[in-house]
Amino acid sequence: MDTRQDDLRRDLDATLQARKELGPEYESELVDSFLARIDARLDARVERRVAERLGPAEGYGRPGYGPRRFGRRSATRLPIVSLVLGIPLSAIAAESGGFLGLLVCWGGIVGVNVSSALAERIQEQRGAAAPKSDWDR
């Protein structure tokens with residue numbers, strides 16, 4: 001744990017030094033970058049702990065399989081939620097934009113569903129391996 005804390009401390013020191021050199025104009029970008037690295041580190045730690053708790057029973061621990069952010073149930077949830085939300089969205093779009101608004105509304109719903117299905121398929125083809133962080137050494 002000391003090496004991770006040392007890495008975090010070094011990264012924070014580097015961020016503070018960069019802030020001194022670049023000035024306050026870049027402060028928000030530097031803070032966002034630092035927080036993104038901390039967030040990635042926490043995500044990796046949480047996924048590792050979930051994998052340890054679930055073990056091989058849920059597909060963890062087998063070669064080529066890693067923690068998935070979306071389960072099989074989510075593949076059916078999005079289309080159902082899209083259809084349920086599509087009804088009021090259709091009414092709003094038809095009222096506001098007429099037939100063109102309705103087409104745009106359903107085009108967006110179809111686009112979200114298609115992109116979700118493609119992302120799930122790509123994730124399955126890649127083996128859904130858990131992303132590793134630079135901080136886990």
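The analysis underlying the following values was restricted to heavy atoms, covering all of them including side chains, and did not include hydrogens, waters or symmetry mates. Residue indices begin at 1 and follow the sequence shown.
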Spacing of [X] atom [atom1] and [Y] atom [atom2] [to the nearest 0.5 Å]:
{"X": "Asp13", "Y": "Asp6", "atom1": "CG", "atom2": "CG", "answer": "10.5 Å"}
{"X": "Phe34", "Y": "Leu12", "atom1": "CZ", "atom2": "CG", "answer": "4.5 Å"}
{"X": "Ile92", "Y": "Leu89", "atom1": "CD1", "atom2": "CG", "answer": "6.0 Å"}
{"X": "Leu78", "Y": "Glu120", "atom1": "CG", "atom2": "CD", "answer": "10.0 Å"}
{"X": "Asp32", "Y": "Arg37", "atom1": "CG", "atom2": "CZ", "answer": "11.0 Å"}

For Val31 and Tyr26: C-alpha separation, side-chain torsions, deciding distance, then whether side chain to side chain contact (heavy atoms under 4.5 Å, CB included) applies. CA-CA 9 Å; Val31 169; Tyr26 295 99; over 6 Å; no
For the side chain of Ser115 and the backbone of Gly111, is there at least one donor-acceptor N/O pair under 3.5 Å apart?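 Indeed, once roles are kept as given, a pair shorter than 3.5 Å links the two residues.
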Do Leu8 and Arg41 make a side-chain contact, defined as non-hydrogen atoms from C-beta onward lying under 4.5 Å apart?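 A side-chain contact under 4.5 Å exists here.
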With the threshold set at 4.0 Å, does a side-chain nitrogen-carboxylate oxygen contact exist between Asp7 and Arg10?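 Yes, charged N to carboxylate O under 4.0 Å.
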Is Leu102 reachable from Ile109 through a run of I, L, V, M, F, W or Y residues, each pair having side-chain heavy atoms under 4.5 Å apart?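 Yes, same cluster.
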Can you list, by chain and residue number, the hydrophobic cluster partners of Leu118 when the side-chain cut-off is 4.5 Å?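 For the cluster that includes Leu118, the remaining residues are Val110, Val114.
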Pairs where residues 89-113 contributes a residue and the test side-chain hydrogen bond (donor to acceptor under 3.5 Å, both in side chains) is met, not counting sequence neighbours: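 Sorted pair list: Ser82-Asn113, Ser90-Trp106.
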Could you give the side-chain donor-acceptor pairs of residues 16-23 under 3.5 Å, partners two or more places apart or in another chain?
unit_1: Arg19; atom_1: NE; unit_2: Glu27; atom_2: OE1; d: 3.1
unit_1: Arg19; atom_1: NH2; unit_2: Glu27; atom_2: OE1; d: 2.9

Considering non-hydrogen atoms only, spot the tightest contact between Gly101 and Ala93 and give its length.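 Minimum heavy-atom separation between Gly101 and Ala93: O-CB, 3.4 Å.
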